[in-house]
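Below: the structure, in structure tokens.
Only heavy atoms go into these numbers, but all of them, side chains included; no hydrogens, no water, no symmetry mates.
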Protein chains: 2
Amino acid sequence: MPTDKNIELTISDGHASAPPKAAKKILDVAYDLFYRRGIRAIGVDEIVKRAGVTKPSLYRSFPSKDELAASYLRQYDREYWERFDEAVAAHPGDPRAQIKAFLTRIGKRTQVADYRGCGMTNAAVEYPDHSHPARVVSEANKQELRRRLRAMAAAMGAQDPDTLGDGLLLLIEGAYISGQLFGLGGPAQAVARNADLLIEASLKK
Amino acid sequence: MPTDKNIELTISDGHASAPPKAAKKILDVAYDLFYRRGIRAIGVDEIVKRAGVTKPSLYRSFPSKDELAASYLRQYDREYWERFDEAVAAHPGDPRAQIKAFLTRIGKRTQVADYRGCGMTNAAVEYPDHSHPARVVSEANKQELRRRLRAMAAAMGAQDPDTLGDGLLLLIEGAYISGQLFGLGGPAQAVARNADLLIEASLKK
DNA sequence: TGACAATGTTACCGATCGGTACGTATACAT
DNA sequence: ATGTATACGTACCGATCGGTAACATTGTCA
């Protein structure tokens, strides 16, 4: 029989069984620390200390640190597509404007001190092993991103949609990374402009 | 008085004082392990074991693990610009062809299983702290890359050289990252094609 | 009131972390 | 042969790593 561990903190649906509060505090703190300072850099002791809980509480809700990291990324994944869908919803039927809105937003986010890039990308760098629980989540997120970008490139009427979709993905990943590498004034602020140039050059004439 | 520690393994210049052989073996092994599996993931014990030396030998040549990591990146830096300069030298006076050659090479390198991206980029992800010795080397490398790309974009006759240079940098970083994220058949194989499209769209007409 | 589930408390585990005190082997010059 | 310096090895350090056993406390709902 499967245990109750590693549940995905079911959103409160009315008066259903409320999820343990400790698990939420732990995940919130882990999210913040893992993202800002890296998964490997943070020990479970620091997480429970900052969350005001104790270590057994952590291991009652999460089977391991690796699985806690995976849960952090699943949360990240949900918020990621929320932001993505916001940009899409802002420009119905206009994929080029959708991309531009998403990229403009990314470009802005990168222009803060101590920007830390994409949690998914960072986790993949930290865990080269493809079977690591955190990396599994990360790779799935990136596959989905690639799928969407290629589809949008096709909807824009690109000559070679797969190439343009991949090009946009490269620009996006480049923005995430160079955002944290260069800080303020870095190349990431030019991501939307370059994407637009690339799109313009890739459309059927 | 400064100690002899953390010397940069002076290339044997005739019969000058040869550096300790242990230091070279240690750096070679550390290079391989740090790059393939990450700096935080590798302990000094594993390094000395694989190098066939002992821990005190490591700490006689390097003041700390962090400084060993920095030495690894300095070595990486030298080899990086060697590859870059090869692409430049292959097409004298033709910056667009130089970029294309460099990017084609990167695209090819990413298309192997277990590709691990750029050691500089990875180190910066592992160490968000700007004062970390490894990160200092990494940031300097990226600043220099940006400088060169912008200069080449200007030499190509771009309308906005800084924007094109930064766009190329984004594509390159995207290739490093997506190369390790997607493995074979990933978006990184399209980096040279997209760069060429972007360049074409950025030239003065 | 009783029962159950969630959380806390305390103390501990073996393994590994980065780093070092200190003795030993080798080579070379005198 | 003996001194001297340099390179290397054995053994160890305290701290931290991820993870657990056993038990006490709390809150909630029946």
Side-chain angles (χ1 to χ4, degrees), chain A residues 1 3-7 9-10 12 14-30 33-34 37-72 126-127 129 132-134, chain B residues 1-7 9-10 12 15-30 33-34 37-72 126-127 129 132-134:
Chain A
M1 286 287 291
T3 73
D4 272 5
K5 282 196 170 186
N6 197 26
I7 50 167
L9 296 191
T10 55
S12 67
H15 58 291
S17 65
K21 299 190 317 187
K24 177 172 179 8
K25 284 195 293 186
I26 291 164
L27 187 53
D28 284 351
V29 170
L33 292 177
F34 282 163
R37 294 171 40 199
I39 299 171
R40 292 201 118 111
I42 298 296
V44 290
D45 291 281
E46 184 164 357
I47 293 173
V48 298
K49 188 177 174 187
R50 308 263 278 242
V53 300
T54 56
K55 224 177 333 178
S57 276
L58 191 158
Y59 284 98
R60 278 180 208 117
S61 299
F62 304 92
S64 65
K65 184 199 174 185
D66 288 345
E67 280 300 329
L68 173 59
S71 291
Y72 143 58
E126 285 200 271
Y127 295 99
D129 182 355
H132 190 283
Chain B
M1 287 279 292
T3 73
D4 272 3
K5 283 196 170 186
N6 197 26
I7 50 167
L9 297 189
T10 56
S12 65
H15 57 291
S17 67
K21 299 188 310 188
K24 176 170 180 9
K25 283 195 292 184
I26 290 165
L27 187 54
D28 284 349
V29 169
L33 292 178
F34 283 163
R37 292 169 44 196
I39 299 170
R40 291 199 118 110
I42 298 296
V44 290
D45 291 282
E46 184 164 358
I47 294 173
V48 299
K49 188 177 173 188
R50 306 264 278 243
V53 300
T54 57
K55 227 182 321 186
S57 278
L58 191 158
Y59 284 96
R60 273 177 217 115
S61 298
F62 305 93
S64 66
K65 183 200 172 184
D66 288 344
E67 280 301 330
L68 173 58
S71 291
Y72 143 58
E126 285 199 272
Y127 295 98
D129 181 357
H132 190 285

Options C/dG18, C/dT10, D/dC8, nucleotide nearest the side-chain atoms of B/Tyr59 = C/dG18
inquiry  = Tell me whether the side-chain N or O atoms of A/Arg60 pair up with the base of D/dG19 as donor and acceptor below 3.5 Å, since no angle test is needed here.
reply    = no
inquiry  = Rounding to an integer number of Å, can you tell me how far B/His132 NE2 sits from C/dG18 C1'?
reply    = 12 Å
message = Just the rounded figure in Å: distance from P of C/dC17 to CG of B/Asp66.
response = 15 Å
task = Just compare C/dT7, D/dC8, D/dG19 and give me whichever is closest to any side-chain atom of B/Thr54.
result = D/dC8
request  = Go through B/Ile26 and B/Ile47 one step at a time and tell me if the side chain to side chain contact (heavy atoms under 4.5 Å, CB included) criterion holds.
outcome  = CA-CA 7 Å; B/Ile26 290 165; B/Ile47 294 173; 4.1 Å; yes
query = Which nucleotide in the list C/dG18, D/dT20, C/dC22 gets nearest to the side chain of B/Asp45?
reply = C/dG18
query = Ignoring hydrogens and geometry, is there a side-chain-to-backbone donor-acceptor pair from A/Arg40 to B/Glu126 under 3.5 Å?
reply = no
task = Take A/Val29 and A/Glu46 through the side chain to side chain contact (heavy atoms under 4.5 Å, CB included) test and state the conclusion after the steps.
result = CA-CA 9 Å; A/Val29 170; A/Glu46 184 164 357; over 6 Å; no
request  = Figure out the CD1/P separation between B/Ile26 and D/dA7, and round it to whole Å.
outcome  = 12 Å
key: Which nucleotide in D/dT20, C/dT20, D/dG19 has an atom nearest any side-chain atom of A/Lys55   = D/dG19
task = Could you tell me which non-hydrogen atom of A/Phe34 sits nearest to which non-hydrogen atom of A/Ala69, and how far apart they are?
result = CE1-CA, 3.8 Å
ask   = Looking at B/Lys65, does any N or O in its side chain come under 4.0 Å of the phosphate oxygens OP1/OP2 on C/dG18?
value = yes
task = Measure the distance from CG on A/Leu68 to P on D/dC17 and round it to the nearest whole Å.
result = 15 Å
query = For the pair made of CD1 in B/Ile47 and P in C/dG19, what is the distance, rounded to whole Å?
reply = 11 Å
query = Does the pair A/Val48 and A/Val53 meet the rule for a side chain to side chain contact (heavy atoms under 4.5 Å, CB included), with working shown?
reply = CA-CA 5 Å; A/Val48 298; A/Val53 300; 4.0 Å; yes
ask   = For B/Ile42, which contact category applies under a 4.0 Å heavy-atom criterion: base, sugar-phosphate, or nothing?
value = sugar-phosphate
query = A/Ser57 side chain N/O closer than 4.0 Å to the phosphate oxygens (OP1, OP2) of C/dT7?
reply = no
query = Rounded to whole angstrom units, what separation is found between the CD1 atom of B/Ile39 and the C1' atom of C/dC17?
reply = 16 Å
task = Tell me which of A/Arg40 and A/Pro56 sits closer to the 5' end of DNA chain D, going by the nucleotide each one is nearest to.
result = A/Arg40
inquiry  = Tell me the interatomic distance from A/Phe62, atom CZ, to D/dG18, atom C1', rounded to whole angstroms.
reply    = 16 Å
task = Please state how far atom CG in A/Leu58 lies from atom C1' in C/dA6, giving the value in whole angstrom units.
result = 15 Å
